[in-house]
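Worksheet: the structure to be examined is printed underneath.
Note that the structure is a prediction, hence the values are computed from the model and not measured. Below, read A as the first sequence line, B as the second, and so on, with proteins coming before strands; counting in each chain starts at 1.
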Protein chains: 2
Amino acid sequence: MARGRAPGYEDQRVLILDRAALLFARKGYVATSMNEVAEACGLSKATLYHYFRDKRSLLFHITHDNVARLRAIVAEVAARELAPEACLRELVRRLVAAYAGAQAAHRVLTEDVRFLPPPERERVLQTEREIVAGIARAVAGVRPDLGTMALGKPLAMLLFGMINWMFTWMRPDGVLDYDAIAPVVADLFVGGLHAVRPPPARAAPRGGRRATGSAATGNMAPSKQALGDKR
Amino acid sequence: MARGRAPGYEDQRVLILDRAALLFARKGYVATSMNEVAEACGLSKATLYHYFRDKRSLLFHITHDNVARLRAIVAEVAARELAPEACLRELVRRLVAAYAGAQAAHRVLTEDVRFLPPPERERVLQTEREIVAGIARAVAGVRPDLGTMALGKPLAMLLFGMINWMFTWMRPDGVLDYDAIAPVVADLFVGGLHAVRPPPARAAPRGGRRATGSAATGNMAPSKQALGDKR
DNA sequence: CCTACCGATCGGTAGG
DNA sequence: CCTACCGATCGGTAGG
């Protein structure tokens with residue numbers, strides 16, 4: 001397979017990234033060897049190293065291309081200046097579609113970005129933050145009160161959670177496909193958004209800090225959880 | 001640390017699992033060495049191996065204890081026979097609390113269960129399915145029509161996605177803590193549930209299969225995604 | 001584009 | 001004879 005005509009340099013790189021993403025998604029980045037990647041591409045390991053400097057650069061390109069695509073989607077939808085609810089629904093539809101088309105890359109993004117060295121990882125995470133910020137703006141469009149309370153980002157993250165988790169359990173061959181689930185997710189999220197009651201400013205029953213005003217400022221750090229850093 | 005009095009065998013095991021879960025969550029199962037686990041426990045590697053046969057058995061116990069706890073929670077809440085909405089809300093509250101108390105173990109569960117050998121992995125996945133089934137029943141309690149269409153499990157998985165994803169971005173020291181976010185998640189999900197419109201029976205505009213009746217049967221396979229198996 | 005290797009480190013176990 | 005542990009090192013394989 002993939003052995004027909006000699007592909008151009010760039011085509012070869014795309015093919016390698018695609019196969020590598022599949023392997024990383026299946027076995028995890030750390031447990032996948034460069035030998036396996038080479039074999040999956042029908043290349044020798046030395047040839048593989050001709051196209052990519054090292055294993056990390058495969059990981060960086062897979063994750064970076066992916067977040068760049070998502071960011072572009074968010075920007076496109078925002079540029080259309082739809083009505084608030086329509087905007088959010090369109091965002092859900094487009095994001096779900098993007099996931100459907102790049103399941104492997106998405107899994108790699110959510111699970112293996114931590115194995116990038118700090119500078120590269122930071123670039124990917126920065127793009128992620130921009131995506132979340134875009135979704136948060138759409139949320140604030142539907143519920144300005146929650147947006148003012150800085151709940152836009154946490155709510156955006158909850159939406160992200162639903163979508164990110166989908167590729168864990170959805171089977172493309174299942175009866176419920178991505179086109180069918182997207183409206184369900186949109187109904188659930190947009191409908192639910194109207195039902196969200198703002199949490200009370202943090203009461204301090206036993207010596208807790210007073211709320212400093214907004215409800216969730218500084219509470220966001222996508223993919224940099226309290227579990228600590230790596231490496 | 002943890003060197004004071006000689007702990008009992010069982011206490012030592014619990015301590016090891018706790019430290020191992022933290023390391024696995026931070027660095028990933030594969031990238032964590034038994035030397036690191038031993039060091040984090042203040043033990044020699046040989047002593048670590050006295051308590052656990054091998055690295056996999058650490059992973060098994062971390063993940064299995066965790067799903068067992070979640071299953072127990074689902075069973076407890078179900079046994080109280082609350083009104084449908086109250087039941088779902090209580091489920092959300094209890095699950096979020098469980099996550100808050102075992103962040104590391106939860107991350108290991110969601111990301112590293114695939115590194116278990118098939119028999120152990122299957123035990124964990126089976127318990128996961130029981131948890132999802134329990135949540136699906138609660139969903140069907142609120143929206144019997146969706147339950148009949150076999151949308152209960154997909155919706156349960158969307159809820160799972162929100163909660164699973166939370167520990168990726170929430171900071172325990174943030175202003176919005178677990179107690180504050182749980183009601184937001186409950187509002188969002190329960191409120192959203194009322195807004196979900198059943199997807200139409202799969203139309204077949206260009207030669208697609210006809211829907212065989214219910215909307216999503218056989219579409220669930222938690223953690224066994226279409227990306228393939230490992231190993 | 002390949003074979004042949006390297007420094008290092010892996011999970012697991014030896015003798016005492 | 002047991003358990004609870006130690007310092008040292010095994011055979012294999014990783015990324016490069």
Heavy atoms from other residues, nucleotides or ligands near CD of A:Glu39 exceed 12 (cutoff 6.0 Å)
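Counting neighbours around CD of A:Glu39, 12 or fewer heavy atoms of other residues, nucleotides or ligands fall under 6.0 Å, so no.
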
Whole Å only: how far is the [atom1] atom of [X] from the [atom2] atom of [N]?
X        : N      : atom1 : atom2 : value
B:Phe115 : C:dC10 : CZ    : P     : 16 Å
A:Glu36  : D:dT13 : CD    : C1'   : 12 Å
B:Leu48  : C:dT13 : CG    : P     : 12 Å
A:Tyr49  : C:dA4  : OH    : P     : 19 Å
A:Asn35  : C:dT3  : CG    : P     : 11 Å
A:Asp54  : D:dG16 : CG    : C1'   : 9 Å
A:Phe52  : C:dC1  : CZ    : P     : 15 Å
B:Glu39  : C:dG11 : CD    : C1'   : 16 Å

P-based separation of D:dA8 from C:dG12 [nearest Å]
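Rounded to whole Å, the distance is 22 Å.
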
Given the ring of A:Phe52, does A:Arg13 sit roughly above its face, with NZ or CZ under 6.0 Å from the centre of the six-membered ring and within 45° of the axis?
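Relative to the ring axis of A:Phe52, which defines the angle, A:Arg13 lies inside both limits.
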
Look at [X] and [N] and indicate whether a side-chain polar atom (N or O) is within less than 4.0 Å of OP1 or OP2.
X       : N     : result
B:Tyr9  : D:dT3 : no
B:His50 : D:dC5 : no
B:Thr47 : D:dC6 : yes

Do A:Arg93 and A:Glu90 meet the salt-bridge criterion of a basic N to acidic O distance under 4.0 Å?
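Salt bridge: yes.
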
Is any side-chain heavy atom of B:Glu111 closer than 4.5 Å to a side-chain heavy atom of A:Thr110?
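SC-SC contact between B:Glu111 and A:Thr110 ruled out.
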
Looking at side-chain heavy atoms only, is the closest gap between B:Phe160 and A:Thr168 below 4.5 Å?
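B:Phe160 vs A:Thr168: side chains apart.
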
Does A:Lys45 make a side-chain donor-acceptor contact with the base of D:dG16, cut-off 3.5 Å?
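Indeed, a donor on one side and an acceptor on the other fall under 3.5 Å apart.
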
First encountered from the 5' end of DNA chain C, between B:Lys55 and B:Ala46
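Residue closer to the 5' terminus by nearest nucleotide: B:Lys55.
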
